[in-house]
Amino acid sequence: IVMVTDITEIREQEETARLSKERYQNLVTNQQELITQFDADGTFIFVNQAYCQFVGKGEEQLLGHSLYDAVPENEIENLKEYFAAFSVDQPHNTIENKISRSDGELRIFEWSNSALFNEEDKIVEIQSVGRDITDRKLAQLALSKSEEQYRSLVDFSPEAIMLVDASGLIKYLNIGAVNLFGAKAPEDLLKKNYINFVHPKFHDLAQEKKAERLKTGVSNFTELDYVQFNGDTICCDVAGATVLWEGSAAALLILRDVT
């Protein structure tokens, strides 16, 4: 008796699974992001080419070794605590930490991590994808320092200086502007609409100057009447420019009392 079983479908499924695995492996291996897989102790199970190139080591030099070898010593404990906090209920998370490049430079990476668990809810593997955000971080730091220096310069200027956001709200004013409007403190004007302090007969001109700044980046000195806190009207020469303030566009206005 000869029994014949058609295994064509099984073979096709196996071939499909093999090709799918190869495609996945090629995709991961050739990604620009750093992709790694490691066990609960941080021992590498997989590293892609981008990671190998970044740390300047071959795959055979990394597999079976610890991910913490490239991490600054003062960040290791925090990173271990971060991974230990993963759970079945919270298997995904992100973190920023530094790793050493092949030339010794520390670079800041944002890592997206996903943990896999066994039947006992123990971590068996963590998959990690890292993106270099060093340049973005440095740019943010430079902008922050620039804004701090700029704010110090403006605070002590004898000119009346105001910062107005796109919706017209006063976001900042120096002591010169507080005195110009006869206010007691900056809080008297902050978060109030700038146009409310412009004399009604000059509202249209103020809007024209705003449109000019949006189109060209600046508006030249123009005389506008303003209303002080006590109701008096003052005439000011006003010039403005579009600037970046705390990450958003705003109008920087300089006012000179020419009454």
Side-chain angles (χ1 to χ4, degrees), residues 92-97 108-112 131-259:
H92 311 292
N93 211 333
T94 60
I95 191 173
E96 294 177 7
N97 71 273
I108 305 170
F109 275 77
E110 180 181 73
W111 299 91
S112 297
R131 186 174 75 254
D132 192 336
I133 59 170
T134 308
D135 294 339
R136 188 182 79 191
K137 286 290 186 180
L138 292 176
Q140 289 173 345
L141 180 62
L143 179 61
S144 175
K145 289 183 176 179
S146 175
E147 288 177 349
E148 288 175 7
Q149 293 169 350
Y150 186 67
R151 189 188 293 267
S152 296
L153 179 65
V154 170
D155 279 343
F156 297 103
S157 171
E159 302 277 13
I161 298 176
M162 306 174 65
L163 212 90
V164 181
D165 70 11
S167 66
L169 296 181
I170 298 171
K171 304 296 288 186
Y172 165 83
L173 67 161
N174 67 352
I175 192 64
V178 172
N179 294 334
L180 179 72
F181 285 96
K184 294 180 179 180
E187 289 71 26
D188 293 335
L189 292 98
L190 287 174
K191 298 183 180 179
K192 292 183 173 61
N193 201 302
Y194 162 76
I195 201 69
N196 292 340
F197 297 96
V198 177
H199 194 285
K201 69 179 181 181
F202 285 91
H203 280 189
D204 289 345
L205 182 55
Q207 293 299 331
E208 290 176 14
K209 293 284 114 180
K210 178 180 179 180
E212 182 181 333
R213 284 192 301 275
L214 291 174
K215 183 178 180 179
T216 67
V218 296
S219 57
N220 296 322
F221 276 106
T222 304
E223 287 190 5
L224 295 177
D225 282 0
Y226 290 87
V227 180
Q228 293 180 305
F229 264 78
N230 63 4
D232 289 347
T233 298
I234 56 173
C235 181
C236 294
D237 254 350
V238 188
T242 300
V243 298
L244 189 66
W245 185 265
E246 296 181 347
S248 301
L252 178 68
L253 303 177
I254 302 175
L255 299 84
R256 296 172 181 169
D257 187 350
V258 294
T259 306

Run the side-chain hydrogen bond (donor to acceptor under 3.5 Å, both in side chains) test against Gln228 and tell me which residues pass, sequence neighbours left out.
none
Could you grab the distance from atom CD1 of Ile95 to atom OG of Ser112, nearest 0.5 Å is fine?
11.5 Å
Nearest atoms (heavy-atom pairs only) where Phe221 meets Ile254:
CE2-O, 4.1 Å
Pairs in or reaching into residues 176-205: which pass side-chain hydrogen bond (donor to acceptor under 3.5 Å, both in side chains), with residues at least two apart or in two chains?
Tyr194-Tyr226
side-chain hydrogen bond (donor to acceptor under 3.5 Å, both in side chains): which pairs involve residues 229-241, sequence neighbours left out?
Asn230-Asp232
The criterion is salt bridge (Lys or Arg N to Asp or Glu O under 4.0 Å); which residues satisfy it with Asp165, sequence neighbours excluded?
none
Between atom CG of Leu253 and atom CG of Leu163, what is the distance when rounded to the nearest 0.5 Å?
8.0 Å
So, taking the atom named OG1 in Thr259 and the one named CD1 in Ile234, what distance separates them when rounded to the nearest 0.5 Å?
5.5 Å
The side-chain hydrogen bond (donor to acceptor under 3.5 Å, both in side chains) partners of Glu96 (sequence neighbours excluded) come to Lys137
Partners of Ser219 by side-chain hydrogen bond (donor to acceptor under 3.5 Å, both in side chains), sequence neighbours excluded?
Arg213
With sequence neighbours left out, what residues match Phe109 under ring-ring contact (aromatic ring centres under 6.0 Å, His included)?
Phe54, Trp111
Who pairs with Thr222 by side-chain contact (heavy atoms from CB on, under 4.5 Å), at least two apart in sequence or on another chain?
Leu205, Lys209
Under the side-chain hydrogen bond (donor to acceptor under 3.5 Å, both in side chains) rule, collect the residues that match up with Lys210, sequence neighbours excluded.
none
State, to 0.1 Å, how close Ala206 and Val198 come at their nearest heavy-atom pair, and which atoms those are.
CB-CG1, 4.3 Å
Met162 side chain near Phe181 side chain, heavy-atom distance below 4.5 Å:
yes
Rounded distance [0.5 Å steps], CG in Leu224 versus CZ in Phe202:
6.5 Å
Hey, what do you get for CG (Leu189) to CG (Leu173), rounding to the nearest 0.5 Å?
5.5 Å
Say you draw a straight line from CG of Asn174 to CG of Leu180; how long is it, rounded to the nearest 0.5 Å?
9.5 Å
Could you list the residues that satisfy salt bridge (Lys or Arg N to Asp or Glu O under 4.0 Å) with Glu223, not counting sequence neighbours?
none
